[in-house]
Amino acid sequence: MSKGKLIIFDTTMRDGEQSPGASMTKDEKLRIARALERMRVDVIEAGFPASSNGDFEAVQAIANVVKDSTVAGLCRANDRDIQRGIDALKGAKRWRVHTFIATSALHMEKKLRMGPEQVLEQAKLSVRYAKNACPDVEFSPEDGSRSDPDFLCRVLEAVIKEGATTINIPDTVGYAVPEQFGEMIRRLRERVPNSDKAVWSVHCHNDLGMAVANSLAAVRIGGARQIECTINGLGERAGNTSLEEVVMAVRTRKDFFDLETRIDTTQIVPTSRLVSQITGFVVQPNKAVVGANAFAHASGIHQDGVLKARETYEIMTAEDVGWTTNKIVLGKLSGRTAFKQRLKEIGIELESEDAYNKAFQRFKDLADKKAEIFDEDLQALVTQEAGTASDEHWRLVTMSQASGMGEKPHASIVVAESGNERKAEAQGDGPVDATFKAIESVAKSGAELLLYSVNAVTQGTESQGEVTVRLSKGGRIVNGVGADTDIIVASAKAYISALNKLASKMERVNPQHAL
Ligand code: KIV
Ligand code: ZN
């Protein structure tokens with residue numbers, strides 16, 4: 001890669017997936033991988049193959065379809081994990097094994113219960129093992145920003161000798177501050193004798209809200225040439241570096257950074273929406289670049305300025321990052337061919353003709369309720385369809401509810417449990433509460449409701465409502481998403497979707513919490 005290029009490494013499907021409730025199915029990951037490839041992300045970290053058979057299969061499926069991006073998999077620094085990674089990734093056109101081990105005194109002592117010499121040895125052996133199968137090997141010293149620089153230099157020199165081609169310094173707990181972190185990267189590159197044999201990368205968490213600033217300081221001051229990031233900044237705790245923010249910062253301030261990425265920025269907003277719909281993590285309205293208000297000028301003074309000359313208050317255009325005015329794309333009379341064509345134009349490919357038929361039927365149902373169908377509606381519809389497996393444990397058959405001023409809200413539902421229909425009724429403090437109580441009286445999940453949120457998919461009162469429900473049970477947290485023009489129905493769908501996730505055996509091991 002020439003000096004002026006910045007590599008964008010997306011870890012939405014690995015680190016992003018570690019956020020509570022954000023776990024994704026294989027099909028959901030495939031949709032996100034295709035969107036990331038369309039966006040021209042350089043490296044897609046597809047998962048942690050040793051965590052479960054499900055994640056192994058998802059990484060393998062992504063490795064088999066993605067052609068224009070490198071596909072990476074995370075592996076702890078042991079032969080078993082790395083072999084799982086190799087087996088999952090080896091079908092890819094370009095692939096990378098990413099292995100890591102903690103190097104801070106705190107992590108080595110309290111988490112790994114290993115001494116520094118053992119960690120050094122393990123790091124070398126792991127990179128050697130990976131390098132035997134794969135030319136492209138990335139090594140990360142976990143908790144790098146809190147590690148002793150002298151020890152870090154020894155480890156990094158040794159793993160580069162073993163063949164690591166990318167050295168990624170994580171700020172695992174979001175502790176770094178920009179100037180100091182940038183300087184740290186610069187000094188490491190200066191002190192490690194073979195540093196020029198590897199690309200230097202950073203991976204920052206956002207606990208103090210400085211992940212993007214730290215990543216950019218590492219680039220500008222430290223000479224890093226890869227940034228690890230996620231769509232919408234998704235990630236554990238306060239999240240990771242936001243892909244959209246670093247990409248647009250580097251592009252908008254090219255005068256300062258003098259670097260280029262390969263990213264097709266017009267894919268940013270559609271991909272942000274897709275990740276938000278699939279994971280149920282809603283984007284805050286004032287979020288830079290992808291928030292609903294990012295390009296909305298509410299103040300009259302600003303609006304006047306923007307109308308006279310856009311540059312007075314805008315440093316980038318909404319179109320540059322893929323915002324489109326809600327365009328009516330289809331309606332009640334649109335046929336299957338037009339429907340399929342529009343899906344293709346917005347980058348949605350379904351797995352089979354049967355999936356297209358089911359999605360088309362849902363589209364017809366929606367068009368009966370809503371005269372104008374927008375791209376956002378199609379995205380929500382396909383996400384719903386993909387999240388509704390035919391073998392799901394719970395299915396909403398029908399429902400109704402009644403509420404009014406001074407009346408106690410009441411809901412009746414019919415749900416099918418593994419195909420057997422069950423009826424229930426309940427009263428509640430509001431129509432949503434009554435509906436959830438009715439479902440729960442049948443499901444008896446005992447799960448705790450952690451979050452309930454509603455968002456409009458498009459503008460106007462006839463918009464579909466998109467609901468996220470987060471449930472927790474026995475230490476597991478899941479998000480369910482549902483969309484409908486009736487927000488009570490959307491709420492019931494979201495609750496059922498969360499129950500189905502709880503019923504599935506999809507267990508994930510967090511690579512950083514396990515040994
Ligand atoms: O935050 C971190 O340290 C990580 C590493 C595994 C790269 O995610
Ligand atoms: Zn991380």
Side-chain angles (χ1 to χ4, degrees), residues 7-20 22-23 43-51 55 59 70 72-78 81-82 84-85 96-108 110-112 119 122-123 126-127 130 136-147 152 155-156 159 164-176 181 184-185 188 198-212 214-215 218 224 226-243 246 508-515:
I7 299 168
I8 297 298
F9 176 115
D10 178 275
T11 182
T12 306
M13 293 187 286
R14 196 280 297 169
D15 211 323
E17 198 193 28
Q18 288 172 214
S19 354
S23 67
V43 187
I44 299 174
E45 188 161 61
F48 167 36
S51 68
D55 211 37
V59 174
T70 297
L74 184 74
C75 311
R76 288 165 298 193
N78 65 62
D81 264 35
I82 296 173
R84 272 310 259 174
R96 173 180 296 181
V97 173
H98 177 192
T99 186
F100 77 100
I101 190 163
T103 49
S104 67
L106 188 65
H107 277 227
M108 288 190 291
K110 304 277 185 222
K111 181 176 97 161
L112 299 178
V119 166
Q122 198 61 39
S126 304
V127 171
D136 188 349
V137 177
E138 173 167 330
F139 175 79
S140 296
E142 190 192 3
D143 206 18
S145 59
R146 294 193 300 171
S147 300
L152 212 45
V155 173
L156 299 180
V159 294
T165 40
T166 300
I167 293 296
N168 174 53
I169 308 297
D171 180 28
T172 304
V173 290
Y175 180 74
F181 191 59
M184 178 186 176
I185 305 297
L188 286 174
V199 172
W200 287 68
S201 165
V202 287
H203 172 111
C204 298
H205 281 264
N206 202 33
D207 299 67
L208 291 172
M210 291 191 279
V212 169
N214 285 331
S215 304
Q226 174 177 286
I227 290 182
E228 301 201 353
C229 44
T230 59
I231 302 292
N232 302 335
L234 186 71
E236 270 188 294
R237 308 184 309 275
N240 285 64
T241 302
S242 288
L243 179 147
V246 286
R508 290 272 150 81
V509 182
N510 182 321
Q512 291 158 265
H513 298 172
L515 288 180

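Read the numbers this way: they start at 1 and go in the same order the structure lists the ligands and their atoms.
- Side-chain atoms of Thr230 and Thr12 form no donor-acceptor pair, as typed in the model, at a separation below 3.5 Å.
- With hydrogens and angles left out, the side-chain atoms of Thr166 and Asn168 include no donor and acceptor closer than 3.5 Å.
- Residue Asp143 has no N or O atom closer than 3.5 Å to an N or O atom of ligand 1.
- Not a single N or O atom of Glu142, backbone or side chain, sits closer than 3.5 Å to an N or O atom of ligand 1.
- Side chain to side chain, Glu236 and Asn510 meet the donor-acceptor criterion of an N or O pair below 3.5 Å.
- Residue His205 has at least one N or O atom closer than 3.5 Å to an N or O atom of ligand 1.
- Near His203, the atoms of ligand 1 lying under 4.0 angstrom from a non-hydrogen atom of the residue are 1 (O), 2 (C), 4 (C), 8 (O).
- Of the protein's non-hydrogen atoms, Gln512 NE2, 3.2 Å is the one closest to atom 2 (C) of ligand 1.
- Here CD1 of Ile101 is found 13.0 Å from CG of Asp143. Values are rounded to the nearest 0.5 Å.
- No side-chain heavy atom of Ile167 sits under 4.5 Å from any side-chain heavy atom of Val199.
- Put simply, the side chain of Pro511 reaches to within 4.5 Å of the side chain of Gln18, judged on heavy atoms.
- To the nearest 0.5 angstrom, Phe48 atom CZ is 8.5 Å from Asp55 atom CG.
- The N/O atoms of Thr172, backbone and side chain alike, include one that comes under 3.5 Å of an N/O atom in ligand 1.
- Using a distance-only test at 3.5 Å, with no hydrogens or angles considered, a donor-acceptor pair links the side chain of Thr99 to the main chain of Cys75.
- For atom 5 (C) of ligand 1, the closest non-hydrogen atom on the protein side is Arg14 NH2, 4.0 Å.
- Every atom of ligand 1 with a heavy atom of Pro170 under 4.0 Å away is listed here by number and element: 2 (C), 3 (O).
- Applying the side-chain hydrogen bond (donor to acceptor under 3.5 Å, both in side chains) test between His203 and each of Thr241, Asp15, Asp171, Thr172 identifies Asp15 as the sole match.
- Looking at Met13 and Glu45, their side chains never come closer than 4.5 Å, going by heavy atoms from C-beta outward.
- Sorted by chain and number, the protein atoms of type N, O or S within less than 2.8 Å of the Zn ion (ligand 2) are Asp15 OD2, His203 NE2, His205 NE2.
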